[in-house]
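Shown next, in structure tokens, is the structure this report addresses.
Just so it is clear, the model here is predicted, and its values are computed rather than measured.
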Amino acid sequence: MNSKCLSLFFGLALMSGSTQIAAQKYHYCGTDKLHQELLDTDPNYVAERIKLEKFTKEYTEQNAGKKGTVYVIPIVFHVIHNFGPENVSKEHILDGLRIINEDFRKTNPDTTQIVSAFKGIAADSEIDFRLAQKDPDGNCTDGITRTVSIQTMSAGNGVKSLVRWPNERYLNVWLVNTIASGAGGYAYYPGVSPEIDGIVLRTGQFGPGYRSLTHEIGHYLNLAHTWGSTNDPEVASNCNTDDGVGDTPN
């Protein structure tokens with residue numbers, strides 16, 4: 001997997017979905033704020049981040065441009081609901097799954113909109129997300145759980161205590177009605193404890209017409225915002241911030 005191409009793809013996917021998110025003014029990405037809080041309070045997280053960035057730099061230098069195995073990531077959607085519209089159907093979830101797979105395999109139709117300067121490096125990231133077929137106990141599953149909880153109306157990391165599958169075997173995504181911070185979704189970068197690892201996402205920003213899960217999976221896979229540590233790509237001070245990948249300028 002070419003991380004440089006993946007980073008570029010991520011930035012383009014973020015911008016392609018910006019009009020939908022802008023229309024819901026307070027539904028932003030909550031990742032940067034949580035990341036900074038951990039940097040300020042958790043020395044173990046800081047150490048893990050340093051270790052991972054060193055590994056990533058060495059790995060990309062040694063494997064630049066190589067094509068290899070398609071990585072399959074089992075994904076489980078935990079629908080946290082209170083019998084409202086947030087209790088989305090399986091068909092809705094399958095459509096959301098289709099969108100992220102099109103994005104990460106570069107089969108999404110809006111690749112025609114990639115500006116000419118970047119067409120040569122945008123690429124298939126060689127990642128497939130598939131609904132889990134076995135639960136943690138080895139039983140057959142469709143990769144969807146449903147939990148009734150009022151927490152869905154003001155969600156945060158507490159929903160992860162309601163239901164969580166081992167993060168070394170699954171990508172956990174919690175679908176909720178509303179996130180307490182006002183965010184549309186958030187993920188943690190690699191290096192956090194298993195208790196908070198994973199993605200929380202508003203159902204109102206999941207499925208047809210939305211790329212928010214693509215965005216948050218990018219963070220989950222260690223990609224920062226291409227424009228800096230804010231939710232606004234037009235802040236001049238962000239030009240001093242580097243996303244750590246050389247496919248775009250500061």
> Does the side chain to side chain contact (heavy atoms under 4.5 Å, CB included) test come out yes or no for Glu86 and Val176, once each step is laid out?
Replying inline: CA-CA 6 Å; Glu86 69 279 358; Val176 300; over 6 Å; no
Using only heavy-atom distances, determine whether the side chains of [X] and [Y] contain a donor-acceptor pair under 3.5 Å.
| X | Y | value |
| --- | --- | --- |
| Glu53 | Asn222 | yes |
| Gln36 | Asp32 | no |
| Glu216 | Thr31 | yes |
| Asn108 | Arg98 | no |
| Tyr220 | Asn172 | no |

>> Consider side-chain contact (heavy atoms from CB on, under 4.5 Å). Of Asn101, Ile100, Ile73, Ile75, which one does Asp128 pass it with?
In response: Asn101
>> If we check side-chain contact (heavy atoms from CB on, under 4.5 Å) with Leu175, which of these qualifies: Asn87, Val88, Ile144?
In response: Val88
Are the side chains of [X] and [Y] in touch, meaning some heavy atoms are under 4.5 Å apart?
| X | Y | answer |
| --- | --- | --- |
| Pro208 | His92 | yes |
| Gln151 | Leu162 | yes |
| Tyr71 | Ser125 | no |

Should [X] and [Y] be regarded as members of a common hydrophobic cluster, given that ILVMFWY residues are connected when their side-chain heavy atoms come within less than 4.5 Å of each other, either directly or indirectly?
| X | Y | value |
| --- | --- | --- |
| Ile199 | Tyr189 | no |
| Leu39 | Ile50 | yes |
| Leu213 | Val76 | no |
| Ile80 | Val148 | no |
| Val192 | Tyr186 | yes |

Taking the ring centre of each residue, are [X] and [Y] less than 6.0 Å apart?
| X | Y | answer |
| --- | --- | --- |
| His35 | His225 | no |
| Tyr188 | Tyr45 | no |
| Phe206 | Tyr210 | no |

Atom pair [atom1]/[atom2] of [X] and [Y] - distance to nearest 0.5 Å:
| X | Y | atom1 | atom2 | value |
| --- | --- | --- | --- | --- |
| Glu48 | Lys51 | CD | NZ | 4.0 Å |
| Leu223 | His215 | CG | NE2 | 10.0 Å |
| Ile127 | Leu221 | CD1 | CG | 5.0 Å |
| Phe104 | Ile99 | CZ | CD1 | 12.5 Å |
| Arg169 | Asp135 | CZ | CG | 8.0 Å |
| Arg146 | His81 | CZ | NE2 | 6.5 Å |

Which atoms form the tightest heavy-atom contact between [X] and [Y], and what is the distance?
| X | Y | result |
| --- | --- | --- |
| Asp103 | Arg211 | OD1-NH2, 2.5 Å |
| Glu102 | Pro109 | OE1-CD, 4.1 Å |
| Leu201 | Ser212 | CD1-CB, 3.8 Å |
| Thr203 | Asn177 | OG1-CA, 4.4 Å |
| Cys29 | His219 | SG-NE2, 3.4 Å |
| Asp124 | Arg105 | OD1-NE, 2.6 Å |

Expected output: side-chain [X] to main-chain [Y] donor-acceptor under 3.5 Å:
| X | Y | answer |
| --- | --- | --- |
| Lys134 | Asn139 | no |
| Arg49 | Pro190 | yes |
| Asp42 | Asn44 | yes |
| Trp174 | Val163 | yes |
| Ser149 | Thr152 | no |
| Thr178 | Ser154 | no |
| Thr141 | Gly143 | yes |

>> Less than 4.0 angstrom from a charged side-chain N to a carboxylate O is my criterion; do Lys90 and Asp95 meet it?
In response: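 No, this pair does not count.
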